[in-house]
Amino acid sequence: MSTLVTVLLSALPLAAGWAVHVWWLRGCLNTARRDPLTGLRTRDGFTRRGTVLLKDPRAVVVLADVDKFKDINDAHGHAAGDALLKATADRLAHHVGRSGVAGRLGGDEFAAVLIDDQGTAADMLAVLHGVLARPVDGHDPALCTTVSLGWVRAADFPADDLSGLLRRADEAMYAAKQARAGTRRAGLGWLFATVTGRRAGRTGARTAAPVVGVAA
């Protein structure tokens with residue numbers, strides 16, 4: 001009996017050390033999946049969580065792009081641009097809530113998957129559009145801009161994975177930006193014609209492309 005106790009006691013430091021190591025690795029992984037500026041999930045972390053949320057038929061995928069972000073940087077400096085991105089991220093995350101997920105895909109482009117409990121995504125995103133256009137707290141009131149939003153209901157395209165839905169939301173967002181419409185929902189028709197994944201209006205894309213987004 002004493003031998004068994006001795007063995008168990010000698011194994012405790014090893015077990016404790018391994019537990020701490022696992023905890024440390026998990027912390028490193030979580031940090032790697034978070035954008036250092038905004039605190040939102042990076043593309044990898046967002047994709048993992050968003051894919052799980054798409055199992056809910058009420059899921060809505062949103063793509064958001066800050067309008068004229070380069071102009072903000074040029075006029076106010078990169079620190080102000082960073083503050084604008086941080087504010088945009090905070091407001092988006094708050095609006096999405098704990099039931100959804102928001103991520104920064106890169107630059108001034110953000111994405112979200114939210115659960116539309118009441119079937120009022122269009123109204124909710126119209127409110128979000130207004131919130132995102134507010135000046136940044138604690139900064140020059142001129143430090144503000146609009147954010148173009150494109151969105152799509154996952155249930156409209158049951159065969160699409162998150163990547164496909166993001167592409168549809170991206171097309172709708174670009175149409176909203178071109179029309180200065182604020183928000184636009186991806187329709188049930190064709191995507192913009194593209195070459196190597198580039199949407200109409202960008203270098204390398206076909207010019208004659210059908211617009212499928214319909215105003216929400």
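Because the structure is a prediction, the values reported are computed rather than measured. No hydrogens, no waters, no symmetry mates; every other heavy atom, side chains included, goes into these values.
Here Asp74 does not pair with Lys68 in a salt bridge; the nearest charged N to carboxylate O distance is not below 4.0 Å. Here Asp116 pairs with Arg153 in a salt bridge; the nearest charged N to carboxylate O distance falls below 4.0 Å.
Residues Arg184 and Ala179 come closest through the heavy atom pair NH2-CB, 3.5 Å. Closest approach of Ile115 and Ser99 over heavy atoms only: CG1-O, 3.7 Å. Contact detail for Pro57 and Ala155: the closest heavy-atom pair is O-CB, 3.7 Å. When all heavy atoms of Ala133 and Cys144 are compared, the pair lying nearest together is O-CB, 3.7 Å.
Grouping the Ile, Leu, Val, Met, Phe, Trp and Tyr side chains by contacts below 4.5 angstrom, directly or via other members, places Leu37 with Val136. Clustering ILVMFWY residues whenever any of their side-chain heavy atoms sit less than 4.5 angstrom apart, transitively, puts Val131 in a cluster other than the one holding Met173.
Atom OG1 of Thr88 sits about 9.0 Å away from atom CG of Asp108, to the nearest 0.5 Å. Considering CG of Asp82 and CD1 of Ile72, their distance stands at 12.5 Å, rounded to 0.5 Å. Remark: Asp71 CG to His76 NE2 distance equals 9.5 Å, nearest 0.5 Å. One distance of note links CG of Leu54 with CZ of Arg49; it measures 10.5 Å at 0.5 Å rounding. If you take OG1 on Thr146 and CZ on Arg134, they are separated by 15.0 Å, rounding to the nearest 0.5 Å. Between Asp170 atom CG and Leu165 atom CG the span is 12.5 Å, to the nearest 0.5 Å.
A donor-acceptor pair under 3.5 Å is formed between the side chain of His95 and the backbone N or O of Met124. Checking side-chain atoms of Arg104 against main-chain N and O of Gly107 turns up a donor-acceptor pair under 3.5 Å.
The local environment of CZ in Arg91 is crowded, with over 12 non-hydrogen atoms from other residues, nucleotides or ligands closer than 6.0 Å.
Of the N and O atoms on the side chains of Asp67 and Thr145, not one donor lies less than 3.5 Å from an acceptor on the other residue. Asp35 and Thr38 are linked by a side-chain donor-acceptor pair at a separation below 3.5 angstrom, with hydrogens and angles left out of the test. Using a 3.5 Å distance cut-off with no hydrogens or angles, the side chains of Asp65 and Ser148 do not pair a donor with an acceptor.
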Val96 and Val101: side chain to side chain contact (heavy atoms under 4.5 Å, CB included), yes or no, with the steps?
CA-CA 6 Å; Val96 169; Val101 63; 5.5 Å; no
Step-by-step side chain to side chain contact (heavy atoms under 4.5 Å, CB included) determination, Thr51 to Leu53
CA-CA 5 Å; Thr51 298; Leu53 291 175; over 6 Å; no
One pair to check against side chain to side chain contact (heavy atoms under 4.5 Å, CB included): Phe46 and Leu40. What are the steps and the verdict?
CA-CA 8 Å; Phe46 170 77; Leu40 293 184; over 6 Å; no
Could you walk me through whether Asp90 and Lys86 pass the salt bridge (Lys or Arg N to Asp or Glu O under 4.0 Å) check?
CA-CA 6 Å; Asp90 290 345; Lys86 182 67 168 61; 3.0 Å; yes
Give the C-alpha distance, both sets of side-chain angles, the deciding distance and a yes or no for side chain to side chain contact (heavy atoms under 4.5 Å, CB included) between Leu125 and Val62.
CA-CA 9 Å; Leu125 292 173; Val62 183; 4.0 Å; yes
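Under the 4.5 Å side-chain criterion, counting only non-hydrogen atoms from C-beta, Phe110 is in contact with Val66. Annotation: side chain of Phe69 is in contact with side chain of Leu85 (closest heavy-atom distance under 4.5 Å). Here the side chains of Asp160 and Arg168 are in contact, with some heavy-atom distance below 4.5 Å.
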